[in-house]
Structures are given as structure tokens and as C-alpha cells.
Amino acid sequence: MKNASKYTRQFFPVAKPTRRWADKTYIDHAPTWCSVDLRDGNQSLMIPMSLEEKLEFFRLLLKVGFKEIEVGFPAASETEYTFLRTLIENDMIPDDVTVQVLTQSREHIIRKTFDALKGCKNAVVHLYNSTSLAQREQVFRKSKEEIIQIAVEGAKLFEKIAAETGTNYRYEYSPESFTGTEMDFALEICNAVLDVWKPTPDRKAIINLPVTVELSSPHVYADQIEFMCDNLHYRDAVEVSLHPHNDRGCAVADSELGLLAGADRIEGTLFGNGERTGNVDIITLALNMYAQGVDPELDFSNMPEICEVYERVTRMQVYDRQPYAGKLVFAAFSGSHQDAIAKGMKWREEKGCDTWTVPYLPIDPGDVGRQYETDVIRINSQSGKGGIGYLLEHNFGYVLPAKMREDVGYTVKSVSDHAHAELSPQEVLDVFTNTYVNINNHVKLVDYHFTRGDVMSADVAVEIDGKAMNLTATGNGRLDAVANAIRQQLHLQFSDLTYEEHALTQGSASQAITYVSITLPDGKKVWGAGIHDDIIASSINALFSAINRTIEGGK
């Protein structure tokens, strides 16, 4: 990069920051949340939402639990005016919900804003003007005194028109482009507005300190917020609000450090939609708190529904790796990650854990409506035996022996590798079943009978390559006797017969599954599985599966 020298630091750090915020470890309570999806979010869309889409999004925000929702700039757009009037006239705003509207410091615009609010029970009227050095010099070409006058005149007009209309709405003031404003001047203009409004603890004013453009690292913003919180007039009657944008990719960090520094309120959007790189992502911010044991007082338990509505009405897409919400954020493809998650889940079951500490999963996917079966363990060529074994056990009830999991893992990964594709749980089951279970291509069980004496005697009716045969042999047990019969008939050499078994379902009609391995003269183990209503038939089918796989080269 050749042109770094043309960029200067456009922010104004606090000269002697107190940094009490740095001594705090975590945010211990939820802020007041204000969704600005229907204003900031909507104006940043290539195709703004229609009236019907905005109404649906408004209902979604209510369902999530927002108590403050910015609905637009009614004096600037007939669409936004109509939207607000629709909400009011159709009694769509619950009594415990406050709508927020923006206005500029011009009398006819403020009057139209109050007209748009007629009949509204609870509202915040938001006044703003830009205060940064760059805006004052380049855009407005006004002095500090003239900029203050704009804000003060707007605040007085609020009071005048509110008195005429008999309304008792709350007021909000934003020194827009706060992050590019000298701190002494930002404080001066905010206090000038507060001195007009004279808020009380029973009717607080909102001072919103936006990261209109991110210009500094988050710790500088935290210093600025702490400075303002320490020096604002009427602090016990002021709600300090943050409105971070994401130009440096730090909006969540700005918000978290700003809350530690004393802020009370957050304005943001679902999934961070907004101008340029977006607003702060309220979902990420809220669930970061949730992951540390703090109730965010917003409900994201049905994340799939939230994503569906958002994508449909905004025509935006939730990125697959979007924190907490993306399709792949809980997915583990890596073998080591899958193994750790599987063992962590088993640990929870064994210990009856009340707290969530599963490796690689910062929160329980089930808490946001995600399914373990499809969202957590994902199978491709990078997967491991632990994850594949977990998927077969968790989804289908197959508890594979440890050594068999390794064999099945290589088989499944090979299928995924050759297909250059992820395998669904059903496809993994199909690979397991078609490769290992009740394989009878050459040797097929027809019937069996055992006689117990000094040793176990087996009479087994089979078909070998379609030819019916009756085989007889003895052994230490039923399966050993059958194995000896097959050895003699097919002249096969194998040893170290091992097996494990369990019921697939509970109840008298349940099926049993048996896992059998045999060891060939070269030391290779070959596995097979058998499923049957009868446990003896299940074990013989498993042995025959291993033998059939041996005949076919263990494939």
C-alpha cells in the first residue's frame, strides 16, 4: 500500500482517560435495546421494504422482545409517514412498546413529525445534527457556536410544539459524527440541549453518542463514552445511548466497551444490516451476553424463523459464518473438533451438568433453535471417526465399538472425498448400512440350530453363492461354532473373533444389532454388523457380514 501517508487520525482521544471501564470483566445486565432495522436498516437496502414487509418485520421485532423500535423519518418520506400512521391507526403498537422517529431541526419538519405521531401513546422523538470537525468545515462551513445554535433551536421547538399538542414524548439528541468531534465540543453541545429540556428521572432524555463512522480502536471510544458519562448534566435523568457502525469491523467491541464505560442503551439492527459495513449486530451482542450467563432480555430461541423472515423481506442473506445465526457456526467438519464435541456431550449426559462447557460450542445450539442432527456434526472428507460415530449414535442409535468407529470413519470419508461433497446424516447411515449391515452377497443365513453338550454344536442352513448347504461344527459358544463351520466350508483363515451387541430400540419388539470383527492372517481386522429381531440371528448376520466383506476384499 503506497498511500498510507495521506490518511490522518480524524478522532479526538480523551486527554486524561480515567478508564474505570478497563477494570470490569463483563457486562452484567442487559441494556435498553432499540432496533433501527426499519430506518437505518431499511435505507441501506438496494430495494427498500414495502409497507407489508415493514409491517411483518415490525411484528418480528415485537416477537423477539424489542420494547423500543425506530420506525423511520416520517417527515422525510410519504412511505415512512404512511407506515407510522398504519401502526397507530390499526393499534399495532403494544402499550409497553415505544416507537422512535427522527427529525431534523426545522420547524415544519418537526411539526409534521408530531402530526405523524398523533394518537401514539409512547414515542421517542430523535433530533440530530452533525458536529464533527470535518462536517463543520467541509459540509456546513459553520462555527461551533452556529452548530450549537442549530441543536438548541431544535430542542426549543420540541418543547414548543409538544406544549401546543399536549404530548409528553421522550426526547433524544444525537451529535451525529460524534466519533469525529472534539470531546469538549461534544459535551458542550449535548449539555446545551439538556439545559433546554431539563430532563428528570421520571422522564429521562436520551443522549445518543453514535459511531457514525468508526475512526478509532474500541478502547478510544470507551474512553470517550466514560468521559461523557462523567460530565453530562442531569446524569441521573439521562439515558446514554450508543449507535455504533462497523467501518473497522469493531461495532460489537465498541458496544461492549461502551457499555462497560457507562452507557445504558444500544441502537442496532438484526444481523448488523446498515449503511456501508453496517450497524452493530444486536444478535451477536445479545448472545455474547447470553453466553456469559446474562439474560439479554431478547428472545432468539427460534433463529431459523428470524433468519427466514429477515432474508425474505430484506432480500439480504445471513452469512453462513454469521455469529450464532449462520448455518455453519455450530458445524464441526474437523475430526478433532467432532471428537471433542462428541465427548463433551457424553460428559454432560454422564455428569448431569447444569452448566454448558462443551468444547468448541460457546452456547447450546438448541437454545437458538438449531438441530444437533443437522447443524453440529457435519460429515465430509475432513471428518473423524468420533464425529461419524457420534452422528450414527445420536441420530440412529448405533453405538459402534471404538475400533469399528475408525473403520467406518475411513469408509465414510472416502465416499465424501470421491463425491467432493458433504454427506447428510441419512447418507452417512446409507454408507454404514450398505457397507457393513446384513451383508449376504456370498454367504447368507437361512436357519440355525444349536445343541449344548461338553461343547456347543451348531447346525446352520446357509446359501453360499446361491447354493443351499447345511453346515455342522462345534465351538466354545454359538458364534464360535458357526465360525468354525464357515472356516471348514470356505477354507478361510481368521481369528480373534470379537463382538458387541445392544438393542436398537426399547420394548419387546425391539431389534438387536451386533458388531463383529475377525482378524485375517495378515493382521487386518474386518468388521461386520447384523440386525435382527433375534439376538442369535443378529450375531450370525454380523459374522457373515464380516466374512462376505473378507471375500470381497474388505470393501
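When reading the values below, keep in mind they use all heavy atoms of this one structure, side chains included, and skip hydrogens, waters and symmetry mates. Position 1 is the first residue of the sequence, and the numbers go up from there. All of these numbers come straight from a predicted model, not from anything done at the bench.
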Taking NZ, NE, NH1 and NH2 as the nitrogens, is one of them in [X] or [Y] under 4.0 Å from a carboxylate oxygen of the other?
X      : Y      : answer
Glu214 : Arg276 : no
Glu137 : Arg141 : no
Lys54  : Glu56  : no

Selection [range] - residue pairs positive for salt bridge (Lys or Arg N to Asp or Glu O under 4.0 Å), sequence neighbours left out:
range            : result
residues 228-239 : Arg20-Asp230, Arg170-Glu239, Arg235-Asp264
residues 287-297 : none
residues 315-325 : Glu53-Arg315
residues 142-163 : Glu107-Lys160

In chain order, what residues pass the side chain to side chain contact (heavy atoms under 4.5 Å, CB included) check against [X], with sequence neighbours excluded?
X      : result
Thr86  : Leu51, Leu55, Thr82, Asn90
Gln104 : Phe73, Arg106, Ile109, Tyr128
Asp430 : Gln426, Asn434

Practice problem: Please name all residues satisfying side chain to side chain donor-acceptor pair (under 3.5 Å) with Thr277, sequence neighbours left out, ordered by chain then number. | Solution: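 Per chain and number, Thr277 pairs via side chain to side chain donor-acceptor pair (under 3.5 Å) with no residue.
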Quiz item: Can you list the steps and then say if Tyr173 with Ile206 is a side chain to side chain contact (heavy atoms under 4.5 Å, CB included)?
Solution: CA-CA 6 Å; Tyr173 174 68; Ile206 299 169; over 6 Å; no
Just jot down the salt bridge (Lys or Arg N to Asp or Glu O under 4.0 Å) partners of [X], sequence neighbours excluded, or say none.
X      : result
Glu176 : none
Glu305 : Lys63
Asp223 : Arg19
Arg85  : Glu89

Side-chain donor-acceptor pair present, [X], [Y], cut-off under 3.5 Å:
X      : Y      : result
Thr131 : Thr181 : yes
Asp37  : Tyr310 : no
Ser241 : Arg265 : yes
Thr355 : Thr357 : no
Ser177 : Ser132 : yes
Thr18  : Glu226 : yes

Exercise. Would you kindly check if the NZ (Lys) or CZ (Arg) of Arg370 is within the cone defined by 45 degrees around the ring axis of Tyr324 and under 6.0 Å from the six-membered ring centre?
Key: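 Checked: cation-pi criterion not met.
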Exercise. Cation-pi check, Lys112 to Tyr81: give yes when NZ or CZ is under 6.0 Å from the six-membered ring centre and within 45° of the ring axis, no otherwise.
Key: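 Pair Lys112/Tyr81 counts as cation-pi.
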Quiz item: Taking the six-membered ring for Trp, are Tyr171 and Trp197 ring centroids under 6.0 Å apart?
Solution: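 Ring centroids of Tyr171 and Trp197 are less than 6.0 Å from each other.
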Self-check item: Under 3.5 Å: donor-acceptor pair, side chain of Ser416, backbone of Ala421
Solution: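 Judged by distance alone, yes, a pair lies under 3.5 Å.
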Practice problem: Determine the sole option in Ile189, Ile225, Val213 for which the side-chain contact (heavy atoms from CB on, under 4.5 Å) test with Phe178 is passed. | Solution: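 Answer after filtering Ile189, Ile225, Val213: Ile225.
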Exercise. From the options Glu70, Glu267, Glu275, Glu80, select the one residue that forms a salt bridge (charged side-chain N to carboxylate O under 4.0 Å, His left out) with Arg39.
Key: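 When Glu70, Glu267, Glu275, Glu80 are each tested with Arg39, the salt bridge (charged side-chain N to carboxylate O under 4.0 Å, His left out) holds only for Glu80.
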